[in-house]
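Protein chains get the first letters and strands the later ones, always in sequence-line order, with residue 1 at the start of each.
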2 protein chains.
Amino acid sequence: MAEWVYIREIADYVGQDVILKGWLYNKRSSGKLHFLQVRDGTGIIQCVVFKGEVSPEVFHLADHLPQETSLIVTGTVRADARAPIGFELAVKNLEVVHLAHDYPITPKEHGIAFLLDHRHLWLRSSRQHAILRVRSAVVKACRDYFDNHGFTLLDAPIFTPAACEGTTTLFPVDYFGDTVYLTQSGQLYMEAGAMAFGKVYCFGPTFRAEKSKTRRHLTEFWMIEPEVAYCDLDGDMDLAEDFIVYVVQRVLETRRAELTTLERDLTKLEQVQKPFPRISYGEAIDLLQQKGVAIEWGADFGGDEETLISETFDRPVIIHRYPVANKAFYMKTDPQDSRLALCMDVLAPEGYGEIIGGGQREDDLATLQAKIRAHDLPEQAFSWYLDLRRYGSVPHAGFGMGIERVVAWLCGLHHVREAIPFPRMLERVTP
Amino acid sequence: MAEWVYIREIADYVGQDVILKGWLYNKRSSGKLHFLQVRDGTGIIQCVVFKGEVSPEVFHLADHLPQETSLIVTGTVRADARAPIGFELAVKNLEVVHLAHDYPITPKEHGIAFLLDHRHLWLRSSRQHAILRVRSAVVKACRDYFDNHGFTLLDAPIFTPAACEGTTTLFPVDYFGDTVYLTQSGQLYMEAGAMAFGKVYCFGPTFRAEKSKTRRHLTEFWMIEPEVAYCDLDGDMDLAEDFIVYVVQRVLETRRAELTTLERDLTKLEQVQKPFPRISYGEAIDLLQQKGVAIEWGADFGGDEETLISETFDRPVIIHRYPVANKAFYMKTDPQDSRLALCMDVLAPEGYGEIIGGGQREDDLATLQAKIRAHDLPEQAFSWYLDLRRYGSVPHAGFGMGIERVVAWLCGLHHVREAIPFPRMLERVTP
C-alpha cells in the first residue's frame, strides 16, 4: 500500500509508489499521454498518464479533468532532469475527489479588482503562493531574531484607550459604552515592558484609517516592535541594521525557490550587508537638493523623496535626527542640538521606502509632560506612561517595522496589497 | 574596563568584573553590609555592598536607595551556593540612573483592582514576570510546532465583513461608512488557505464582546488556528494531541525556573503524554450522570461540567461528536449518525476547561448552503466561502486553541487576566 506524501518531500521517494492528494493546476495532452500539473500546497509536480499504463477509464478521466479539480493520484516517483522540481510521477491510478467546473481564475489575464474579489482562490496561483511563503519566512525570521537575542515577546493590546498621534487615522470602537481605539502601535506598552524585561518585542496587527490610496498603505497591517532598556540611538541603529541583515539572509536561505518563481533579482538582496550607510536628516536634505529637488530644511519626506534617497545606495540607508517639530511627542530631543530628535528611519533600497521608524524615547518626566502639553494631548490618558519616568526611568530606544513593506521589497512587488493574505484598504474589506 | 552583561548570562563571568544595568528590586542591611536585590529583566541577583570595599559615598548611597530606582552596578561575579541563582555580585561601584520615590507596588498585599490599574508596573513583579515568560515560551512552541510540521503561516484578517456565529458578541467597527466586525476566528480564511497551501495556521488576536465576568474570558485574546486539507476528525484529534504534548514539553524544558517561581506542580505537567483519552459526547453525558449531575443528552457543558469531566483524567481529555444542534453551521455532520457533528473539544486537566475546539468542516456545497439557511445566516456574505466547495472541495479539518487558557493552565492561574500582558475585560480597557 503506497503512502500519502507531500510534493515537497518527493525526492525521498524516488522509485517508490506514493499517493498524492491535491488539485489539478494545469494539463496538456499529446495522443497517448496526458500531463497533469498537480499541486498539493507544497509544490507542483507533473503527473504523466500513459495510455498503456492505466485503465481505459482512468485515461479517459485524465483527459476530462477541469482546472482545480481535487484528486488523489497514485504513481511511481521518477527522477527527471527536465522537470522543474527534478521529479515527475508515472501515474498508476487517479481518483477524483471533487470536480471543479468553471474555475473563475484561468491562465488568461485578469484585472486586479477581479483577482482581489477572488482572493480566497487567487491564493492558489503560484505567484501569490510564493509571495505568502516569503511572508511566512519573514515573520519566522523576525521572531527568531528577537527570541534568540534575549528579547521576551510581550503582546501589546489591540484596544487602546488613548490616541497617541491624533485621532484622524484611528478606528474608534464602542467598548460597552466607552470609546476606545484600535492600536496604531504597541510602542508605549513596549516601553513599560522594557522596564520589566529589559528587552521586549511585540508583533501583531495595527490599524490606520488611511483615506488615501497609495501602493504603500493598508488599513490593517502587521508590525514588529522591539524596545530595549538602557539603549540609545546608536544602539537602536545597530539593532535595526543587524536585524534586517538577518531577516534578508534567512529569507534568501529558506525561500530561494519562491523568490526565483517571482523572478526577483537576488543579487540586489545579497547586497544587504553591514554596514548600512547612516546619514543625518540634514545630509539627506543636502542630497535631495543636489539631485535638484526643491526642498528646504524642516520639510517632511514624501514617497518621491524617499525613493530618490534610497536609490542612491545599494542597501538600506538609515536617516537619523529629524527635526523635532516633525516627530511624535515621545521622541527624545538631541542634547547636542535642540532642533533635532534622536530618531531614525530605515529606507529600503530600490525605492521601496520606509520600512523602519524608531529612536530613543524621552526619559525625563518634566520634559515629557511639557511635550504632551505642547502636542495638546490629554495628560490624564498618559498618566500610566508617565509612571515609567517616575519610577526608575532609564534611557531606552526601539523601533517598528512594517511587515508588508518588507515583504513587498523582498518579493519586488509594486503594491503592498499582495504582501498580506487578505488585504484591507480604503475600498476593500472583502472577502 | 568591565563589560555590560545581563544577569541571565552571569555564570559565564565568574571571577570577572562586570557592569549590570537594572533596577533595585529589594534590599536589606546588616551593619557593614547592604544586600541589594537587583533585577535587569533577565533575572535577579544579590549585589553585596561591603563597607570596606567601596567608597563611603557609595556605601551611604546603597543604604538610601528606594525600591525600583534604576542603577548601574559594577562588581565582581562570585559563585555562591546559597544564592538562588548560584551567584552574587561583590559591588565595587554604584551609579544611580534615576531615583524612584514612593513606588506604588510594595511587598505588602495589594487588591487585584489596584494591581490591574498598575499593570504597567506590576509586570516588574517576579510572579508576573514569570507568567509572561511562560507565555512567550508557549507562543514560540506553538509557532515552532507548525513551522516544523510543514504548515504555512497565513495571517487571517482582523476586519471581517461577515458575522460567523451571531452578532451578540461581536465588536462592530465603522469602516469608512460600512459596518465591519472584529474577527472572532480566522477559521473560514484558513479553510481557503488550506486549499492553497495544504496545511496552514493563523495566530493573532481575536475579539469577543463578552458581557459576562468569568475567570476564563477576555474581550481580546490570542488564538492559534491550524487547518489541514485532506484531514478528517481522527487526524484532527491526532494533531491536537501531538501539538499539546509538544507545547507542554517545550515549556517544561525552557521555563522550568519560571514554573518553579510560580510554585507549579510540575509532576502534573509531566503527565501530559500521549495518548489522551478520547470520549464521545454521549460518554461524557454518561460520566456526568454517574457523578450525579442532572444533565440530559443534548445539553451544553458549562464550566462546572467541564471541570467535573477533566478532573476524571490525569491529562487532557478529548470529547468528540457533540450534537449537531449545539454546533456552528460549518461543522460536518457524522455520516454514521446524523444527530452528531464531527467536532471535538480538548479540556485541560485540573479543571482548566476547554483549551481547544475544532473538527471536520462541511465540504459538500448543497449541505453547507442548507446549513447556512437553517442558521439564518446571510448566504451572500458566505459566497466566497461557498466557492471553496465549488472548486475542488476536499475533506478538511482544523481547530483553534486559546493561548491565555493554556498559559493559565500551565502556570496554575486562577484567572486568565494574568496570562496576557494588558488584559481587556468587560470593565477594564486600561492601562
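- Contact annotation for B:Arg389: only backbone heavy atoms (N, CA, C, O) come within less than 4.5 Å of a heavy atom of chain A.
- Only the side chain of B:Val180 comes within contact range of chain A, with at least one heavy atom under 4.5 Å from a heavy atom of that chain.
- Interface check for chain B: of the options A:Cys202, A:Ser383, A:Gly198, A:Ala209, the most heavy-atom pairs under 4.5 Å are formed by A:Ala209.
- Contact count against chain A (heavy-atom pairs under 4.5 Å) is highest for B:Phe422 among B:Trp122, B:Tyr385, B:Phe422.
- Counting heavy-atom pairs closer than 4.5 Å to chain A, the top residue among B:Arg143, B:Arg133, B:Glu68 is B:Arg143.
- For chain A, the nearby parts of B:Lys21 are the backbone and the side chain; heavy atoms of each come within less than 4.5 Å.
- The pair A:Glu220-A:Arg208 does not count as a salt bridge, with every side-chain nitrogen at least 4.0 angstrom from each carboxylate oxygen.
- The candidate with the highest count of non-hydrogen atom pairs below 4.5 Å against chain B, out of A:Ile420, A:Asp102, A:Asp174, A:Val96, is A:Asp102.
- Put simply, of B:Ala194, B:Ala229, B:Gly43, B:Pro104, the one with the most heavy-atom pairs under 4.5 Å next to chain A is B:Pro104.
- Although no hydrogens or angles enter the test, the distance criterion places no donor-acceptor pair under 3.5 Å between the side chain of A:Tyr189 and the main chain of A:Leu154.
- Chain B forms more heavy-atom pairs under 4.5 Å with one residue of A:Val429, A:Val97, A:Thr152, A:Thr430 than with any other, namely A:Val429.
- Interface remark: of the candidates B:Asp155, B:Leu132, B:Leu123, B:Asp155 forms the most heavy-atom pairs closer than 4.5 Å to chain A.
- Interface summary for chain B: among A:Ser136, A:Pro157, A:Ala100, A:Ala192, the most heavy-atom pairs under 4.5 angstrom belong to A:Pro157.
- Note: B:Gly392 leads B:Ser125, B:Ser70, B:Gly392 in heavy-atom pairs under 4.5 Å with chain A.
- Looking at B:Leu99, only its backbone comes within 4.5 Å of chain A, counting heavy atoms on both sides.
- Put simply, of A:Leu121, A:Asp178, A:Thr69, the one with the most heavy-atom pairs under 4.5 Å next to chain B is A:Leu121.
- For chain A, the nearby part of B:Asp40 is the backbone; its heavy atoms alone come within less than 4.5 Å.
- We find that B:Asp144 and B:Lys140 are joined by a salt bridge, their nearest charged nitrogen and carboxylate oxygen being less than 4.0 Å apart.
- Only the backbone of B:Leu71 comes within less than 4.5 Å of a heavy atom in chain A; its side chain stays farther off.
- Note on A:Ile158, A:Val200, A:Val173: by heavy-atom pairs under 4.5 Å with chain B, the leading option is A:Ile158.
- Among B:Pro66, B:Gly193, B:Pro205, the residue with the largest count of heavy-atom pairs under 4.5 Å with chain A is B:Pro205.
- Using bins of under 30°, 30° to 60° and over 60° for the plane-to-plane angle, the ring pair A:Tyr230/B:Trp23 lands in the tilted bin.
- When heavy atoms are compared at a cutoff of 4.5 Å, A:Pro423 does not approach chain B at all.
- Side chain of A:Ser393 to main chain of A:Asp363: a donor-acceptor pair is present (N/O by atom type, distance under 3.5 Å, no hydrogens or angles).
- For B:Ala137, no part sits under 4.5 Å from any heavy atom of chain A, backbone or side chain.
- Partner of B:Glu427 under the salt bridge (charged side-chain N to carboxylate O under 4.0 Å, His left out) criterion, chosen from B:Lys211, B:Arg417, B:Lys213: B:Lys213.
- Heavy atoms closer than 4.5 Å to chain A are found in the backbone of B:Arg390, but not in its side chain.
- Only the side chain of B:Val139 comes within less than 4.5 Å of a heavy atom of chain A; its backbone N, CA, C and O stay farther away.
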